[in-house]
Amino acid sequence: AAINDNLFWSTTIGAIGSVLHFVLGPFLGALSDAIGRRPVILLCSLLGYPSLVSLALFVYRNVSMYITFALMPLGELPVLAIWFAYIVDLIEDSRDSSVAF
């Protein structure tokens, strides 16, 4: 039963993560254009930690796994695209920006 619950919730969280990437990606991109890349990267990175802490609490302190599943979408925020934009911003010559990837 526990394996079925884990499989179901992992699949559900994966689907929710995909929807979050699709919906929040343009919003986070516009936000990073408006207020800067570093604050958005920092915020998204900090929002990912509660799910990791709850997973550690599940392993070491037997806290409910459902808390981890509830917090897991926060770790799925699309911060990688903002990192890529930040790297391209660091490149000074526009001809070299395509070489970054």
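Residue Tyr60 is grouped with residue Tyr66 when hydrophobic side chains (ILVMFWY) are merged at heavy-atom distances under 4.5 angstrom, including chains of intermediate members. When the side chains of ILVMFWY residues are joined at heavy-atom separations under 4.5 Å, either directly or via intervening members, Val59 and Leu52 end up in two distinct hydrophobic clusters. In the hydrophobic clustering of this structure, Leu46 does not group with Val53; members are Ile, Leu, Val, Met, Phe, Trp, Tyr whose side-chain heavy atoms approach within less than 4.5 Å, directly or through other members.
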Could you walk me through whether Val79 and Leu28 pass the side-chain contact (heavy atoms from CB on, under 4.5 Å) check?
-> CA-CA 8 Å; Val79 70; Leu28 288 175; over 6 Å; no
Give the C-alpha distance, both sets of side-chain angles, the deciding distance and a yes or no for side-chain contact (heavy atoms from CB on, under 4.5 Å) between Ser54 and Leu71.
-> CA-CA 8 Å; Ser54 66; Leu71 293 174; 4.0 Å; yes
Derivation of the side-chain contact (heavy atoms from CB on, under 4.5 Å) call for Leu55 and Met65 = CA-CA 7 Å; Leu55 184 60; Met65 184 70 166; 4.0 Å; yes
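In this pair, Trp9 and Phe69 present their aromatic rings parallel. The plane angle is below 30°, not in the 30 to 60° band.
Ser64 and Phe58 make their closest contact through C-CD1, 4.3 Å (heavy atoms, listed as atom of the first residue, atom of the second, distance). Considering all non-hydrogen atoms of both residues, His21 and Pro78 come closest at ND1-CB, 3.3 Å.
Taking OG of Ser32 as the start and CG of Leu43 as the end, the distance is 12.0 Å to the nearest 0.5 Å. Between the CZ atom in Arg38 and the CG atom in Asp89 there is a gap of 11.0 Å [rounded to 0.5 Å]. The CG atom of Leu80 lies 11.5 Å from the SG atom of Cys44; values are rounded to the nearest 0.5 Å. Residue Ile13 holds its CD1 atom at 11.0 Å from OG of Ser18, rounded to the nearest 0.5 Å. Between atom CG of residue Leu47 and atom CG of residue Leu42 there is a gap of 9.5 Å, rounded to the nearest 0.5 Å. To the nearest 0.5 Å, atom CH2 of residue Trp83 and atom CD1 of residue Ile41 are 4.5 Å apart.
Here the side chains of Glu76 and Ile16 are not in contact, with every heavy-atom distance at 4.5 Å or above. Side-chain atoms of Leu24 and Leu77, non-hydrogen and from C-beta on, do get closer than 4.5 Å to each other.
Remark: the backbone N or O of Leu7 is not paired with any side-chain donor or acceptor of Ser10 at under 3.5 angstrom.
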